[in-house]
Amino acid sequence: MKIASWNVNSLRVRLPQVLEWLLSNPVEVLCLQETKLVDEDFPVAEIEQAGYHATYAGQKTYNGVAILSKPAPAEVVTDLPDMDDPQRRVVAATMDGVRVLNVYIPNGQSVGSDKYAYKMRWLQALRAYVQQQLQSYPRLVLLGDFNIAPEDADVHDPELWAGKVLFSDPERQAFHDLITIGLHDTFRKFPQPENTFSWWDYRAAAFRRNLGLRIDHILCSDALHKLCTASAIDKEPRKWQRPSDHAPAVAEFAT
DNA sequence: ATGGCAATAGAGTATTGA
């Protein structure tokens, strides 16, 4: 089973690119973030035409997540149990015995801001939820836009980013706390090219200069980690006309 | 030191992202 994650920064704008990408990357499951669409506007027909079920939780202007899957989704959840949150940042479903938790973790804006406090609260609620879900689903994937670069190797200039949002110690600790409950970063199971990132600022020709961060992740449980045969980031769509600022991450499991 | 780009809402410019 191939599972991918892609922050598309508006599905309205990026739908043609999603369909194009799926043609050459026919993954079983594609998780999207920042769809920025209310549910009534979700392009169900186009997605079904491409051979995928669509499971989504959207809102106006901001956030919004979706799971596109060839297998039918079951046991759909769109909220963290401990978080009374109007922002649509979670969609979970089970496909072929694999529990998939697709998350768009808050950005945090700047260290010390209200949005940063919200991000840290959100991460705590997520950890509790994942811990609970692991009891029921030994085959679990937690993936999405984490808005956290966990290690120095995930940042083009760790000194420049030290202490800044996306790379501050509390955020990195929260990422590590997710790992310690029994998850693995699939990307690090395999040798990777140096300076591999998943996000590049639109400004200052950041992509051309490869000034990026790796903030989009595919984590999985012990049972799936043993079955993980590949994990990579596909930079190709970032080179296309009018791209998302994020590139897709893809992992393969021998399920 | 700051803004730089893009998307959205909505009608000039503010907000958010990361």
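All values below come from the heavy atoms of this structure, side chains included, with hydrogens, waters and symmetry mates left out. In what follows, chains carry the letters A, B, and so on, assigned in the order in which the sequence lines appear, proteins first and then strands, with residues in each chain numbered from 1.
One interatomic measurement links the two molecules: CD1 of A:Ile215 to P of B:dG17, which rounds to 12 Å at whole-angstrom precision. Going from atom NZ of A:Lys164 over to atom P of B:dG17 covers 18 Å, rounded to whole Å. One can place CG of A:Leu213 at 11 Å from P of B:dA18, the figure rounded to the nearest angstrom. A straight line from CD of A:Gln87 to C1' of B:dT15 spans 13 Å, rounded to a whole angstrom. Distance CZ (A:Arg89) to C1' (B:dA18): 12 Å, rounded to an integer number of Å. Taking atom CG on A:Asp154 and atom C1' on B:dA18, their separation rounds to 15 Å, with Å as the unit. Atoms CZ (A:Phe207) and P (B:dA18) sit 17 Å apart, rounded to a whole Å. Rounded to an integer number of Å, the gap from NE2 of A:His217 to P of B:dA18 is 12 Å.
Contacts of A:Ala247 classified as side-chain contact (heavy atoms from CB on, under 4.5 Å), with partners at least two apart in sequence or in another chain: A:Trp200, A:Ile233. A:His53 is linked by a ring pair (Phe, Tyr, Trp, His ring centres under 6.0 Å) to nothing, counting only residues two or more places apart in sequence or in another chain. With sequence neighbours excluded, no residue forms a salt bridge (Lys or Arg N to Asp or Glu O under 4.0 Å) with A:Asp234. Listed by chain and number, the residues in a salt bridge (Lys or Arg N to Asp or Glu O under 4.0 Å) with A:Arg121 amount to none (sequence neighbours excluded).
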Compile the donor-acceptor pairs under 3.5 Å between side chains in residues 148-167 of chain A and protein atoms, sequence neighbours left out, one pair per line.
from	atom 1	to	atom 2	distance (Å)
A:Asp154	OD1	A:Arg188	NH2	2.6
A:Asp154	OD1	A:Arg214	NE	2.7
A:Asp154	OD1	A:Arg214	NH2	3.2
A:Asp154	OD2	A:Glu151	N	2.9
A:His156	NE2	A:Trp161	NE1	3.1
A:Asp157	OD1	A:Glu159	N	3.3
A:Asp157	OD1	A:Leu160	N	3.1
A:Lys164	NZ	A:Leu160	O	2.8

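Using a 4.0 Å heavy-atom distance criterion, A:Tyr104 is classed as a sugar-phosphate-only contact. Looking at heavy-atom distances under 4.0 Å, A:Asn7 makes contact with sugar-phosphate atoms alone, never a base.
Under the 30°/60° scheme for interplanar angles, the aromatic rings of A:His217 and A:Phe146 are found to stand perpendicular.
The P atoms of B:dA1 and B:dT15 are separated by 24 Å, rounded to the nearest whole Å. One P atom belongs to B:dT2, the other to B:dA6, and the distance between them is 23 Å to the nearest Å. For the P atoms, the distance from B:dT16 to B:dG10 is 15 Å, rounded to whole Å.
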What string of B, S and - do you get for nucleotides 3-13 of chain B, 5' to 3', when a contact is any protein heavy atom under 4.0 Å?
-BBSSSS----
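The shortest distance between the side-chain N/O atoms of A:His246 and the OP1/OP2 oxygens of B:dG17 is not below 4.0 Å.
Side-chain atoms of A:Ser5 and A:Gln33 form a donor-acceptor pair, as typed in the model, at a separation below 3.5 Å.
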